[in-house]
Protein chains: 2
Amino acid sequence: MSLRSALLALLRVGPMSGYDLQKQFSQSVGHVWHAADSQIYPELRKMANEGLVVAEEQPRGERGVRRIYHVTDAGDQAFLAWMNSPPEYQRTRDAAHLRAAYLESAEPDAARSFLRAHIEHWTYELSCWDGELAHIEALDNPMLVNRLRVTDERDHERTIAYKRFAYEGLAARARSEIAWAQHGLETVDRLERGRSERS
Amino acid sequence: MSLRSALLALLRVGPMSGYDLQKQFSQSVGHVWHAADSQIYPELRKMANEGLVVAEEQPRGERGVRRIYHVTDAGDQAFLAWMNSPPEYQRTRDAAHLRAAYLESAEPDAARSFLRAHIEHWTYELSCWDGELAHIEALDNPMLVNRLRVTDERDHERTIAYKRFAYEGLAARARSEIAWAQHGLETVDRLERGRSERS
DNA sequence: TATCCCATGTAAGCAGTTACATGATTCA
DNA sequence: TGAATCATGTAACTGCTTACATGGGATA
């Protein structure tokens with residue numbers, strides 16, 4: 001249900017087409033919740049069938065149709081119900097830590113490559129989230145600006161504060177992963193030194 | 001492919017039945033990679049069809065059969081190939097941080113409940129991982145003890161060090177999530193104070 | 001004789017991925 | 001006229017969840 005909630009969250013800022021939403025998912029929100037276009041269009045259809053959104057159909061050329069989705073009252077309520085409901089957690093399924101637990105079975109160089117890839121991956125994620133944070137602080141994230149435009153001015157501080165809070169959490173997680181993998185590289189070096197001394 | 005790798009990692013320590021594996025997945029390994037029994041049995045069948053494991057069939061009563069799975073050479077190679085291959089990362093899909101980004105839409109009490117649930121969830125995970133770490137340090141984790149029994153003594157230090165490394169990373173992540181949610185609770189209080197002062 | 005643990009699965013369904021497929025508009 | 005961007009999807013498949021289903025052996 002999180003894809004649905006993410007779509008509603010975006011559409012509550014203002015009506016958008018599937019294509020517009022897809023662009024958002026490849027930028028800002030996409031760094032918190034990823035969704036492919038092949039998932040977005042069918043989900044919007046389903047949400048329209050369930051009355052959470054309505055499609056305003058615009059003709060495009062001879063046969064083409066562009067559908068601008070608007071959130072209905074039911075959709076608004078569904079989003080708020082999700083926001084006010086207790087969170088659901090998935091069971092842990094962490095491929096990197098699973099592999100780390102058996103790193104003695106890997107070639108030392110493969111172990112190092114893995115840890116360097118981990119650092120690279122999380123460094124990239126961190127740069128995305130730090131980038132988002134900079135846009136939040138500078139108030140030049142288009143979605144946030146639109147969001148503030150439809151928000152009571154007394155709620156601006158809160159709106160900004162929670163965006164910042166969310167991205168700071170993700171950034172902290174990325175930094176923790178990077179530090180862990182760096183510690184891992186030191187561990188590999190230390191253990192390999194130990195082995196070569198004994199041999 | 002990670003479920004498969006986790007199963008091979010466990011079976012490399014020693015042959016086991018689906019039921020034995022399932023118990024492991026509800027304990028130690030299960031806190032890194034979760035798998036349900038309804039997933040384990042079919043996966044073992046598929047792995048047997050592909051020659052990664054062989055089932056030693058033991059009769060159980062009149063009609064019952066107990067299958068003890070052994071890793072084949074092909075299975076061993078598949079595991080090592082996975083260990084030496086570059087990791088694959090899934091795109092971010094983080095329901096908690098998605099929700100956090102829109103917390104201004106939640107009732108303040110629902111926001112607090114959400115953050116407290118987050119703390120509770122990660123505190124539980126942390127206790128599992130700290131527990132595993134204690135078993136690693138005390139050398140009383142049965143799987144680790146069996147693992148060491150089939151491992152050259154010169155590799156004992158590395159085997160233990162990587163287990164510790166993996167669980168320390170998970171524990172660090174849990175602590176980071178808890179600190180983040182605690183900061184969130186302070187943020188909610190600060191923002192709500194601001195609102196009540198203005199009203 | 002009841003309960004707990006041992007032991008094995010199937011079936012339906014959901015969420016997400018990958019690959020495929022088409023066509024319009026705009027601008028250089 | 002060609003490329004980039006706008007715009008919308010379907011189909012097959014994988015991985016995982018939830019619910020259902022059965023039965024043996026040991027012990028209290």
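Per chain, numbering begins at 1; letters A, B, ... match sequence-line order.
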### Query
Side chains of A:His70 and A:Glu56: do they bring a donor and an acceptor to under 3.5 Å?
yes
### Query
Residues from residues 31-43 of chain A sitting under 4.0 Å of DNA chain D, heavy atoms only?
A:Ser38, A:Tyr41
### Query
If we only count heavy atoms from C-beta on, is the A:Leu11 to A:Met16 side-chain gap below 4.5 Å?
yes
### Task
Could you note down all residue pairs passing salt bridge (Lys or Arg N to Asp or Glu O under 4.0 Å) where residues 14-27 of chain A supplies at least one of them, sequence neighbours left out?
A:Asp20-A:Arg66
### Task
Using distance alone, with no hydrogens and no angle criterion, decide if A:Thr92 and B:Glu125 have a side-chain donor and acceptor under 3.5 Å apart.
yes
#### Entry: Distance, rounded to the nearest Å, where A:Phe25 contributes CZ and C:dA15 contributes C1'
14 Å
#### Entry: Phosphate OP1/OP2 of C:dC6 contacted by B:Arg67 side-chain N/O (<4.0 Å)
no
### Message
For A:Tyr89 and B:His121, take the angle between the two ring planes, folded into 0 to 90°, and tell me which bin it lands in: parallel under 30, tilted 30 to 60, perpendicular over 60.
### Response
parallel
### Query
Does OP1 or OP2 of D:dT17 have a side-chain N or O of A:Arg93 closer than 4.0 Å?
yes
### Query
What's the closest nucleotide to the A:Tyr19 side chain, out of D:dT8, C:dA15, C:dA7?
D:dT8
### Message
Without decimals, in angstroms, what is the distance between A:Lys23 NZ and D:dT5 P?
### Response
11 Å
### Task
Report the nucleotide, chosen from D:dT8, C:dA15, C:dA7, that has the shortest atom-to-atom distance to any side-chain atom of B:Asp20.
C:dA7
### Query
Using a cut-off of 4.0 Å on non-hydrogen atoms, how would the nucleic acid contact of B:Gly18 be classed: base, sugar-phosphate, or nothing?
sugar-phosphate
### Message
Rounded to whole Å, how long is the line connecting atom CE of A:Met1 with atom P of D:dC16?
### Response
20 Å
### Task
Take the angle between the ring planes of B:His118 and B:Phe114 and call it parallel below 30°, perpendicular above 60°, tilted in between.
tilted
### Message
Testing the basics here: between B:Gln39 and B:Leu3, what is the closest heavy-atom pair and its distance to 0.1 Å?
### Response
NE2-CD2, 3.5 Å
#### Entry: Integer-rounded Å distance: C:dC14 P and A:Glu50 CD
11 Å
### Message
Between B:Ser17 and A:Leu3, which residue's closest nucleotide on DNA chain C lies nearer the 5′ terminus?
### Response
B:Ser17
### Message
Rounded to whole Å, how long is the line connecting atom CD of B:Gln90 with atom P of C:dA15?
### Response
16 Å
#### Entry: A:Asp94 CG to D:dG15 P, straight-line distance once rounded to whole Å
18 Å
### Message
Is there, by distance only and without an angle test, a donor paired with an acceptor across the side chain of B:Arg66 and the base of C:dC6 below 3.5 Å?
### Response
no
## Note on the structure
Whole-Å distance, B:Leu7 CG to D:dG15 P, equals 13 Å
### Summary
When rounded to whole Å, the CD1 to P distance for the pair A:Ile68 and D:dC6 reads 13 Å
